[in-house]
Amino acid sequence: MKTALITGASSGIGAAFARELAACQTDLILVARSQDKLQRLAEQLQEKFQIRTEIILQDLTQTGAARSLYDAIAQKDGR
Ligand SMILES: NC(=O)c1ccc[n+]([C@@H]2O[C@H](COP(=O)([O-])OP(=O)(O)OC[C@H]3O[C@@H](n4cnc5c(N)ncnc54)[C@H](OP(=O)(O)O)[C@@H]3O)[C@@H](O)[C@H]2O)c1
């Protein structure tokens, strides 16, 4: 099963990508700052499409954010 990383996933075009990819049976790693919105979306998609979802809270404007995100994903998935 493929896994997609979607930044800006809590609303707008990012959430739309998440719904489309979930419908294609793609596991998702959803990134944004709003925990409630990400959690709600992840639960909805998990339940509806039987996929695996992870959420990562990250402010991508912070220095080192890309590295932190990379490290968090590598730690969770080992890849
Ligand atoms: N909508 C369109 O049709 C469209 C078309 C072409 C281009 N775009 C471009 O695509 C981008 C997104 O547009 P949108 O309409 O989807 O906007 P939106 O609904 O405001 O979504 C922005 C997303 O980015 C996240 N985000 C904002 N600041 C962040 C930060 N500092 N760190 C991490 N995540 C952050 C927000 O989540 P949190 O607030 O939870 O962090 C949210 O999930 C914009 O640059 C827009 O110009 C949009």
Side-chain angles (χ1 to χ4, degrees):
M1 174 107 58
K2 286 184 182 170
T3 301
L5 168 67
I6 305 176
T7 56
S10 64
S11 65
I13 204 166
F17 271 124
R19 291 191 188 92
E20 291 293 324
L21 287 166
C24 298
Q25 289 295 296
T26 303
D27 289 339
L28 299 173
I29 301 170
L30 305 173
V31 182
R33 297 165 300 178
S34 309
Q35 181 164 15
D36 290 358
K37 288 188 198 169
L38 280 183
Q39 194 71 52
R40 210 164 31 242
L41 180 63
E43 285 169 6
Q44 278 173 6
L45 298 180
Q46 216 166 281
E47 195 173 314
K48 186 167 181 188
F49 298 108
Q50 308 295 308
I51 57 160
R52 290 175 52 205
T53 60
E54 297 268 4
I55 67 168
I56 297 179
L57 303 178
Q58 180 78 59
D59 182 343
L60 292 169
T61 63
Q62 297 297 302
T63 302
R67 182 78 225 182
S68 298
L69 185 55
Y70 178 92
D71 289 343
I73 293 164
Q75 206 170 22
K76 279 175 192 288
D77 269 13
R79 64 190 163 93

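Order of listing sets the numbers, starting from 1, for every ligand and every atom in it. Computed from a prediction, not measured in an experiment: that's the story for all the values here.
Legend: salt bridge (Lys or Arg N to Asp or Glu O under 4.0 Å) pairs involving residues 4-13, not counting sequence neighbours: none detected. Counting only residues at least two apart or on different chains, the side chain to side chain donor-acceptor pair (under 3.5 Å) pairs with a member in residues 35-51 are Gln39-Glu43, Gln46-Thr53. Sorted by first and then second residue, the pairs that involve residues 59-73 and meet salt bridge (Lys or Arg N to Asp or Glu O under 4.0 Å), not counting sequence neighbours, are Arg67-Asp71.
Between Ile56 and Lys76, the closest side-chain pair of non-hydrogen atoms falls below 4.5 Å.
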One pair per line, please: each N/O atom of ligand 1 matched with every protein N/O atom under 3.5 Å away, atom names first, then the distance to 0.1 Å.
from	atom 1	to	atom 2	distance (Å)
ligand 1	16 (O)	Ile13	N	2.6
ligand 1	19 (O)	Ser11	OG	3.0
ligand 1	19 (O)	Gly12	N	3.4
ligand 1	21 (O)	Ser11	OG	3.2
ligand 1	28 (N)	Arg33	NH2	3.2
ligand 1	31 (N)	Asp59	OD1	2.8
ligand 1	32 (N)	Leu60	N	2.8
ligand 1	37 (O)	Ser10	OG	2.8
ligand 1	39 (O)	Arg33	NH2	3.0
ligand 1	40 (O)	Ser10	OG	2.9
ligand 1	40 (O)	Arg33	N	3.3
ligand 1	40 (O)	Ser34	N	2.9
ligand 1	40 (O)	Ser34	OG	2.5
ligand 1	41 (O)	Arg33	N	2.8
ligand 1	41 (O)	Arg33	NE	2.7
ligand 1	43 (O)	Gly8	O	3.0
ligand 1	43 (O)	Ser10	N	3.1
ligand 1	43 (O)	Ser10	OG	2.7
ligand 1	43 (O)	Ser11	N	3.3

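The backbone N or O of Phe49 sits less than 3.5 Å from a side-chain atom of Gln25, completing a donor-acceptor pair.
In this structure, Ile13 CD1 and Ile6 CD1 are separated by 11.0 Å, a value rounded to the nearest 0.5 Å.
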